[in-house]
Each structure stands twice: as structure tokens, then as C-alpha cells.
> 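Please read through the structure below; I'll follow up with questions.
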Amino acid sequence: MSRGGEMVYIPDDSDFSSFRAQCESLEGWQCRYNKAGITVWSQGQEESCTVQKIKTRISCKDVPAETLYDVLHDTHYRKKWDSNMIETHDIGRLTANADVGYYSWKCPSPLKNRDFVTLRSWLPLDHDYVIINYSVKHPRYPPREGFVRAVSLLTGYLVKANGSGASVLYYLTQVDPRGECP
């Protein structure tokens with residue numbers, strides 16, 4: 001497996017800390033939407049970067065952090081809440097808290113559907129949880145016919161306990177969807 005032309009590495013504590021800091025920081029982010037407990041930010045494009053970062057924060061009043069983490073982490077349950085998912089499955093386990101998986105989703109017409117192969121890592125931190133992933137290449141999972149292989153530069157979730165039985169969900173993503181837009 002490789003990440004672009006690089007060797008794959010398993011995220012370490014500094015990667016999880018960096019992801020958490022990006023989720024919690026407002027510096028460099030522009031608020032695009034803020035209503036009913038949902039906030040969406042984007043981070044402006046630099047000349048050398050054609051893909052924006054998007055970040056959301058959602059208050060979940062009646063969902064404990066542990067439950068939200070379990071729902072996000074369970075690839076078999078994902079079809080129940082992810083209506084755009086076509087297919088997802090684990091390819092292989094790398095460590096106790098890292099695996100490689102496949103995910104494909106429906107795109108609106110006239111776009112072709114997209115898919116990913118990603119290395120996913122997770123780390124429970126007291127009452128908070130982090131799940132991060134980035135795209136990798138796997139020799140047994142080349143791009144599939146009828147799909148455009150998208151690239152996750154960094155995508156993930158930060159789930160924070162927020163009082164008794166409540167949580168806050170951050171979703172941060174920087175994805176190159178690839179392919180042509182009409």
C-alpha cells in the first residue's frame with residue numbers, strides 16, 4: 001500500500017492532536033452556515049491547493065458521545081444512516097486501532113459515482129473520540145469501472161462529550177473528488 005507515491009504510515013498521537021486542534025480552532029476558517037445547532041466553515045483556497053477544507057460542528061442533545069462514536073465507527077450499520085453510500089467494507093486490519101477499507105457513494109447526475117480506499121485510524125480519548133482517514137493505494141483494489149477514484153487528503157470525526165447524555169460532533173474533510181464537472 002502507498003499514499004500517493006509515499007509509504008503508508010499509521011497516524012500517531014501528534015496526528016490525532018493536530019486533527020483535534022483543527023476541529024476546535026476558528027483561526028483561518030470562514031463561517032458559511034450557523035443555524036439550529038449546526039455550523040459549517042470552510043478554509044480558503046491557497047494558490048497551490050485546489051481543494052478546500054470543510055468543517056462542521058453539530059450539537060447532539062440526546063446522543064451520548066459513546067453512542068455517536070459507535071455509530072460512526074460501525075461500517076455494517078452505516079447503510080442505515082448514510083443514504084448516499086453504495087458499498088463499504090473492511091479490506092484489512094493493520095493494528096488494534098487502524099484498518100484499510102473501501103467506500104463508494106452515489107453522486108448526483110450527471111456526475112459519476114465516487115469511491116475511496118482509505119487508511120482509517122481511531123483513538124478514544126477519555127470521553128472524546130477521534131476517527132481519521134486518508135486515501136491509500138492498495139494493489140488488490142484498483143479504481144473500479146464506472147467510478148471515479150476520489151482522494152481523501154484528510155477526513156475525520158471528533159466526538160466530544162457535552163454534559164450528561166449529550167455530545168458535539170465535528171466533521172472535517174479535505175477531499176479531491178477528481179473527475180470532470182459538467
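Residue numbers start at 1 and run along the sequence shown.
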> Can you label the angle between the Tyr171 ring and the Tyr157 ring as parallel, tilted or perpendicular, going by 30° and 60°?
tilted
> Would Tyr69 and Val71 show up in the same hydrophobic cluster when neighbours are defined by side-chain heavy atoms closer than 4.5 Å?
yes
> Can you name the closest pair of heavy atoms from Phe16 and Pro11 and give their distance?
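Closest heavy-atom pair between Phe16 and Pro11: CE1-O, 3.9 Å.
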> Please find the pair of heavy atoms, one from Cys60 and one from Leu68, that lie closest to each other, and give the distance.
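That would be SG-CD2, 4.1 Å.
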> According to a hydrophobic-cluster definition based on side-chain heavy atoms being under 4.5 Å apart (Ile, Leu, Val, Met, Phe, Trp, Tyr only), do Leu169 and Ile132 belong together?
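Each belongs to a different hydrophobic cluster.
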> Starting from Ile91, can I reach Tyr134 by hopping between I/L/V/M/F/W/Y residues whose side chains sit under 4.5 Å apart?
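Yes.
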> In sequence, state the C-alpha distance, the side-chain angles, and the governing distance for Thr88 and Asp82, and then conclude on side-chain contact (heavy atoms from CB on, under 4.5 Å).
CA-CA 11 Å; Thr88 189; Asp82 184 351; over 6 Å; no
> Show the nearest heavy-atom pair for residues Ala150 and Ser135, with the distance to one decimal.
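Looking at all heavy atoms of both residues, the closest pair is O-OG, 3.9 Å.
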> Looking at side-chain heavy atoms only, is the closest gap between Thr155 and Thr118 below 4.5 Å?
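They are not in contact (no side-chain heavy atoms under 4.5 Å apart), so the answer is no.
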> Quick one: list whatever passes side-chain contact (heavy atoms from CB on, under 4.5 Å) with Asp12, sequence neighbours left out.
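With sequence neighbours excluded, Asp12 shows a side-chain contact (heavy atoms from CB on, under 4.5 Å) to Ser14, Asp15, given in chain and number order.
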> Count I, L, V, M, F, W, Y as connected when their side-chain heavy atoms are under 4.5 Å apart, and connections chain through other members. Are Leu26 and Ile54 then in the same cluster?
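Result: no, two separate clusters.
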> If I take atom CD from residue Glu145 and atom NZ from residue Lys112, how far apart are they, to the nearest 0.5 angstrom?
8.5 Å
> Taking the side chain as every heavy atom from C-beta outward, state whether Ser59 and Arg57 have any pair of such atoms under 4.5 Å apart.
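Heavy-atom side-chain distance check passes, below 4.5 Å.
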> Could you state the interatomic distance from CG (Asp13) to CZ (Arg20), rounded to the nearest 0.5 Å?
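Rounded to the nearest 0.5 Å, the CG-CZ separation comes to 11.5 Å.
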> Taking the six-membered ring for Trp, are Phe19 and Tyr170 closer than 6.0 Å centroid to centroid?
no
> Is any side-chain heavy atom of Arg149 less than 4.5 Å from a side-chain heavy atom of Val117?
yes
> Nearest 0.5 Å, please: how far is CG in Leu154 from CG in Asn133?
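These two atoms lie 7.5 Å from each other.
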> Please round to the nearest 0.5 Å and tell me the distance separating atom CG of Asp176 and atom CG of Leu153.
6.5 Å
> Do Thr39 and Trp41 pass the side-chain contact (heavy atoms from CB on, under 4.5 Å) test, and can you show the C-alpha distance, the side-chain angles, and the key distance before you say yes or no?
CA-CA 7 Å; Thr39 308; Trp41 297 268; 3.3 Å; yes
> Applying salt bridge (charged side-chain N to carboxylate O under 4.0 Å, His left out), which residue pairs with at least one partner in residues 99-111 are found, sequence neighbours left out?
Asp99-Arg120
> Holding to side-chain contact (heavy atoms from CB on, under 4.5 Å), I want the full list of residues that pass it with Glu87, two or more places apart in sequence or in another chain.
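For Glu87, the residues satisfying side-chain contact (heavy atoms from CB on, under 4.5 Å) (neighbours in sequence not counted) are His89, Tyr102, Ser104, Arg144.
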> Kindly compute the distance separating CZ (Arg178) from CZ (Phe116), expressed to the nearest 0.5 Å.
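Reported value, rounded in 0.5 Å steps: 10.5 Å.
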> Ala96 and Trp122: which non-hydrogen atoms are nearest, and at how many Å?
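So the minimum-distance heavy-atom pair works out to O-CZ2, 3.5 Å.
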> With a 4.5 Å cut-off on side-chain heavy-atom distances among I, L, V, M, F, W and Y, is there a chain of contacts connecting Trp29 to Ile38?
no
> Taking side-chain contact (heavy atoms from CB on, under 4.5 Å) as the test, write out the residues that go with Pro177, two or more places apart.
Arg114
> Please work out whether the ring planes of Tyr103 and Trp105 are parallel, tilted or perpendicular, with thresholds of 30° and 60°.
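The rings of Tyr103 and Trp105 lie parallel, inter-plane angle below 30°.
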> Looking only at heavy atoms, which two atoms of Ser152 and Val175 are closest? And how far apart?
CA-CG2, 4.1 Å
> Run the side-chain contact (heavy atoms from CB on, under 4.5 Å) test against Thr95 and tell me which residues pass, sequence neighbours left out.
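Partners of Thr95 by the side-chain contact (heavy atoms from CB on, under 4.5 Å) criterion, ordered by chain and then number, come out as Ile10, Asn97, Ala98.
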> Within the 4.5 Å heavy-atom criterion, are Val148 and Leu111 side-chain neighbours or not?
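Contact flag for Val148/Leu111 side chains = no.
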> Could you pull out every donor-acceptor pair under 3.5 Å between side chains of residues 158-167 and any protein atom, sequence neighbours left out?
{"from": "Lys160", "atom 1": "NZ", "to": "Glu24", "atom 2": "OE2", "distance (Å)": "3.0"}
{"from": "Lys160", "atom 1": "NZ", "to": "Asp128", "atom 2": "OD2", "distance (Å)": "3.2"}
{"from": "Ser167", "atom 1": "OG", "to": "Val63", "atom 2": "O", "distance (Å)": "2.7"}

> Do Phe147 and Asn113 have side chains that approach each other closer than 4.5 Å (heavy atoms only, starting at C-beta)?
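Touching, per the 4.5 Å side-chain cut-off.
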> Give, for atom NZ of Lys55 and atom SG of Cys31, the distance between the pair rounded to the nearest 0.5 Å.
10.0 Å
